[in-house]
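Reading through the C-alpha cells given below for one structure.
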Amino acid sequence: MTTENVKNVTDDDDDTDYLSLYSSHSLLRVRRQGGSPTIIVKKLMRQSPGELERSEFEQATTEDGLQSLIESNFAAIVATELPDIKGKKLGYKVRVTNERRNFLMARSEEMHRLSFDSFSFLNPKTGRTGDQQYEIEIESLNAAASAKLHAMKHSLLEVLRGGFSFSKSSILCTWITLRAGP
C-alpha cells in the first residue's frame, strides 16, 4: 500500500427547497480543490448493503462560468444529467469540508484506491457545523479489482456482523463504501 495524497476539499451542494436531489440519492455539487471550481453530479444507480453503484458527471469551469451556471439555475447540466428536476429552483443548501487521505493498494493484478475521509457539514443559513464524520471508501481501479469487489464486500460485512467493542477513543466510521471504478 502506498500513500497517494492528502487533499482538502470544499463542496457546496445545491438542491431544491424540498430536497429533491437528496431524496433521490443524487447531488449537484460545486467542488473547490486547489484551483478552478468543478461541477459534479452524482446519481445513485443501484445499492445493496455495503456497496453502491452511481453515475458521475464532472465539468470543470471558471468563476465566471460558475456564476453563469448559477444564474441559469444550472439549466444545461440539469437538462442532460438531472432531467427530473428541470424547472425547479436550485439553491445552496450545505457545505461539506473534507480532508481525504488516499492510498493505492495493489495485489497481484488488482488495483484499488482506499480513501479515508474526515468531514463535516455546514448549514449556510444557520452557520452551524455538524459533528465530524468519517468514511472509508474502497474503489476498484481496474477490471481485476472490480471482479473482487463483491467478495470484498461480503468479507467486510462478516467482520462488521461479528461485532466490535469500541472504546471512547476509537473512531466509528459513519460509512464504509465499496465502489466499482472505471
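No experiment lies behind these values; they were computed from the predicted model shown.
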Looking just at side-chain N and O atoms, do Ser118 and Gln132 make a donor-acceptor pair shorter than 3.5 Å?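 Yes, Gln132 and Ser118 have a side-chain donor paired with an acceptor closer than 3.5 Å.
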For side-chain contact (heavy atoms from CB on, under 4.5 Å), just list the numbers for Phe103 and Thr2, CA-CA rounded to whole Å, side-chain angles, deciding distance to a tenth of an Å, and then say yes or no. CA-CA 5 Å; Phe103 301 88; Thr2 60; over 6 Å; no
Check whether [X] reaches the backbone of [Y] with its side chain - one donor and one acceptor, N or O, closer than 3.5 Å.
| X | Y | answer |
| --- | --- | --- |
| Thr126 | Arg128 | yes |
| Ser23 | Leu19 | yes |
| Asp117 | Phe119 | no |
| Ser26 | Tyr22 | no |

Out of Lys88, Lys89, Lys93, which one pairs with Asp17 under the salt bridge (Lys or Arg N to Asp or Glu O under 4.0 Å) rule?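 Checked Lys88, Lys89, Lys93 against Asp17; only one passes salt bridge (Lys or Arg N to Asp or Glu O under 4.0 Å): Lys93.
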Flag the pair [X] / [Y] as yes when at least one side-chain heavy-atom distance between them is below 4.5 Å, and no otherwise.
| X | Y | result |
| --- | --- | --- |
| Phe116 | Glu137 | no |
| Leu69 | Ile77 | yes |
| Lys43 | Leu27 | no |
| Asn102 | Lys7 | yes |
| Ile85 | Val78 | yes |
| Arg101 | Asn5 | no |
| Leu28 | Leu21 | yes |

Interatomic spacing from [atom1] in [X] to [atom2] in [Y] - rounded to 0.5 Å:
| X | Y | atom1 | atom2 | value |
| --- | --- | --- | --- | --- |
| Met111 | Ser140 | CE | OG | 11.5 Å |
| His112 | Lys148 | NE2 | NZ | 9.0 Å |
| Glu58 | Glu81 | CD | CD | 11.5 Å |
| Leu104 | Leu141 | CG | CG | 6.5 Å |
| Gln33 | Asp11 | CD | CG | 8.5 Å |
| Ile70 | Leu66 | CD1 | CG | 4.0 Å |

Quick check: closest heavy atoms across [X] and [Y], and the distance to 0.1 Å?
| X | Y | result |
| --- | --- | --- |
| Met45 | Ser55 | CG-N, 3.4 Å |
| Ser120 | Thr129 | OG-CG2, 3.7 Å |
| Leu114 | Ile136 | CD1-CG2, 3.7 Å |
| Phe74 | Asp14 | CE1-OD2, 3.9 Å |

Sole residue of Ile40, Asp12, Asn98, Ile39 in side chain to side chain contact (heavy atoms under 4.5 Å, CB included) with Arg31: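 Among Ile40, Asp12, Asn98, Ile39, the one meeting side chain to side chain contact (heavy atoms under 4.5 Å, CB included) with Arg31 is Ile40.
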Given side-chain contact (heavy atoms from CB on, under 4.5 Å), test Val41 with Leu82 step by step and report yes or no. CA-CA 8 Å; Val41 174; Leu82 299 165; 3.8 Å; yes
Pairing of Glu63 and Arg32 as salt bridge, 4.0 angstrom limit: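 Between Arg32 and Glu63 there is a salt bridge, with a charged N closer than 4.0 Å to a carboxylate O.
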Salt bridge (Lys or Arg N to Asp or Glu O under 4.0 Å) between Asp13 and Arg29: does it pass, once the steps are laid out? CA-CA 4 Å; Asp13 290 4; Arg29 173 171 282 169; 2.8 Å; yes
